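Structure record follows, encoded as structure tokens.
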Amino acid sequence: MSRHETLGPRSWFRCAAVLQLFAMALAVTRTPAVAYEFETFEVAGVPITGGRGLDDGSCQVGYFQTDPEDFSTAHAILRCDGVIDTIDPPTSLSDRRTFDINAAGVVVGSAQRASGSDGFQFDGSTYTWVEYPGADQTVIRGINDSGDVVGEYENTDGVRHAFARFGGSFVTIDVPLASASRARGINNLGEVVGFWDDSAGLRHAFVRTPDGIFTTFDYPGASETLLGDINDVGEIVGTYFDGAGTPHGFVRT
């Protein structure tokens with residue numbers, strides 16, 4: 001086409017489409033990025049501070065370690081309005097950690113004591129030890145606003161079992177045919193998430209409904225998938241490992 005020829009209807013349409021796509025691309029590139037605010041919190045004078053859970057307000061829970069190579073030196077913390085308090089259970093000996101906190105301010109975690117590793121709850125004034133009946137070790141990982149908790153326990157056989165305590169009643173919630181199961185989060189609907197080990201020792205995600213139905217899945221293309229928590233609209237947060245064994249965080253909405 002010479003510079004004096006005119007464009008036909010189809011050519012005009014194509015040009016308009018290209019210009020529209022170009023304008024859309026410019027709009028995308030000019031859209032300002034979401035600005036996140038980050039706040040670091042650390043216990044002064046120690047090498048490791050970790051955050052594990054938070055409520056809908058201004059409180060977070062976690063731990064700090066006085067020796068970076070020795071997990072037994074961990075101490076449980078509660079941070080509210082920027083103030084960090086150590087909340088080790090009085091009869092605990094070592095490896096104290098907090099993992100979650102609900103809307104009522106009840107904190108859950110685990111610690112080592114003379115009888116072994118046990119879960120605990122702290123409501124701001126009173127500590128309550130939580131042991132799965134007959135278990136050698138108990139860890140509490142999550143709590144909802146009704147006070148239902150989830151975690152895992154271990155017997156002398158060394159096998160990890162997932163459990164929940166609904167309204168004071170304990171129930172094992174192992175994934176069928178799993179060699180080990182771990183529960184990590186529970187929402188206010190009673191849905192539980194965690195992960196389980198297959199016969200090869202690889203870990204896979206699970207979701208358990210309040211009526212006991214399990215759904216298992218893996219992040220697409222992942223070698224392993226671990227779930228950490230679930231909210232009341234069913235969004236799930238977790239970690240997956242790629243083929244090289246590198247961990248990545250994810251959210252499933």
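Because the structure is a prediction, the values reported are computed rather than measured.
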Can you give each donor-acceptor pair under 3.5 Å made by side-chain atoms of residues 38-49, sequence neighbours left out, with the distance rounded to 0.1 Å?
| residue | atom | partner | partner atom | Å |
| --- | --- | --- | --- | --- |
| E39 | OE2 | R79 | NH2 | 2.7 |
| T49 | OG1 | V43 | N | 3.1 |

TODO: With sequence neighbours excluded, give me every salt bridge (Lys or Arg N to Asp or Glu O under 4.0 Å) pair touching residues 208-229.
DONE: none

Open item on the list: So which atom in A111 and which in W129 form the shortest heavy-atom distance, rounded to 0.1 Å?
Closed with: CB-CH2, 3.9 Å

Task: CA sep, side-chain torsions, deciding dist, call: T172, D174, side-chain hydrogen bond (donor to acceptor under 3.5 Å, both in side chains) - done: CA-CA 6 Å; T172 297; D174 287 345; 5.7 Å; no

Open item on the list: By the ring pair (Phe, Tyr, Trp, His ring centres under 6.0 Å) test, which pairs, at least two apart or in different chains, include something from residues 84-107?
Closed with: none

TODO: Answer whether the closest heavy-atom distance between the side chains of F166 and I186 falls below 4.5 Å.
DONE: yes

TODO: May I have all residue pairs that pass ring pair (Phe, Tyr, Trp, His ring centres under 6.0 Å) and include part of residues 171-210, sequence neighbours excluded?
DONE: W196-H204, F206-F214

- [ ] With sequence neighbours excluded, tell me which residues meet ring pair (Phe, Tyr, Trp, His ring centres under 6.0 Å) with Y240.
- [x] Y219, H248

- [ ] Work out which heavy atom in A135 is nearest to a heavy atom in T138; give both atom names and the distance.
- [x] CB-OG1, 4.1 Å

Open item on the list: Within the 4.5 Å heavy-atom criterion, are N187 and N144 side-chain neighbours or not?
Closed with: no

Open item on the list: If we ignore hydrogens and angles and just use 3.5 Å, is the side chain of S117 paired with the main-chain N or O of Q112 as donor and acceptor?
Closed with: no

Open item on the list: Distance alone, cut at 3.5 Å: any donor-acceptor contact between the side chains of S58 and D81?
Closed with: yes

Task: Residues which pass side chain to side chain contact (heavy atoms under 4.5 Å, CB included) with P247, listed by chain and number, not counting sequence neighbours - done: T239, F241

Open item on the list: According to salt bridge (Lys or Arg N to Asp or Glu O under 4.0 Å), does anything in residues 97-115 pair up with another residue at least two apart or in another chain? List the pairs.
Closed with: D95-R97, R113-D118, R113-E131

TODO: On the 0 to 90° scale, with breaks at 30° and 60°, tag the Y127-F122 ring pair as parallel, tilted or perpendicular.
DONE: parallel

Open item on the list: Quick check on D56: does its CG atom have over 12 non-hydrogen neighbours (other residues, nucleotides or ligands) under 6.0 Å away?
Closed with: no

Open item on the list: Restricting to non-hydrogen atoms, name the atom on N188 and the atom on S146 that form the minimum distance, rounded to 0.1 Å.
Closed with: OD1-N, 4.3 Å

- [ ] Please name all residues satisfying ring pair (Phe, Tyr, Trp, His ring centres under 6.0 Å) with F64, sequence neighbours left out, ordered by chain then number.
- [x] H75

Task: Pairs flagged by disulfide (SG to SG under 2.5 Å) wherever residues 65-135 is involved - sequence neighbours left out - done: C59-C80

Task: Which residues share a ring pair (Phe, Tyr, Trp, His ring centres under 6.0 Å) with F71, sequence neighbours left out - done: none

Open item on the list: Check the orientation of Y153 and H161. Use parallel for under 30°, tilted for 30 to 60°, and perpendicular for over 60°.
Closed with: parallel

Task: Min side-chain heavy-atom separation F250-T225 under 4.5 Å - done: yes

Task: Minimum heavy-atom distance between V107 and L78, given as atom pair plus value - done: CG2-CD1, 4.1 Å

- [ ] Taking side chain to side chain contact (heavy atoms under 4.5 Å, CB included) as the test, write out the residues that go with S179, two or more places apart.
- [x] D197

Open item on the list: By the salt bridge (Lys or Arg N to Asp or Glu O under 4.0 Å) test, which pairs, at least two apart or in different chains, include something from residues 139-155?
Closed with: R141-E152, E152-R160, E152-R184, E154-R160

Open item on the list: Could you check whether any side-chain N or O of T73 sits under 3.5 Å from a backbone N or O of D67, counting only pairs where one atom can act as donor and the other as acceptor?
Closed with: yes

- [ ] Kindly say whether A162 contributes a backbone atom to a donor-acceptor pair with the side chain of S181 at under 3.5 angstrom?
- [x] no

Task: Side-chain heavy-atom pair L227, V207 within 4.5 angstrom cut-off - done: yes

Open item on the list: Determine whether a donor-acceptor pair (N or O, by modelled atom type, separation under 3.5 Å) exists between the side chain of N102 and the backbone of I143.
Closed with: no

Open item on the list: Testing the 3.5 Å rule here: is there a donor-acceptor pair between the side chains of D88 and T86?
Closed with: no

Open item on the list: To check you understand the geometry: which heavy-atom pair defines the closest contact between G53 and I101, and what is its length?
Closed with: C-CG2, 4.5 Å

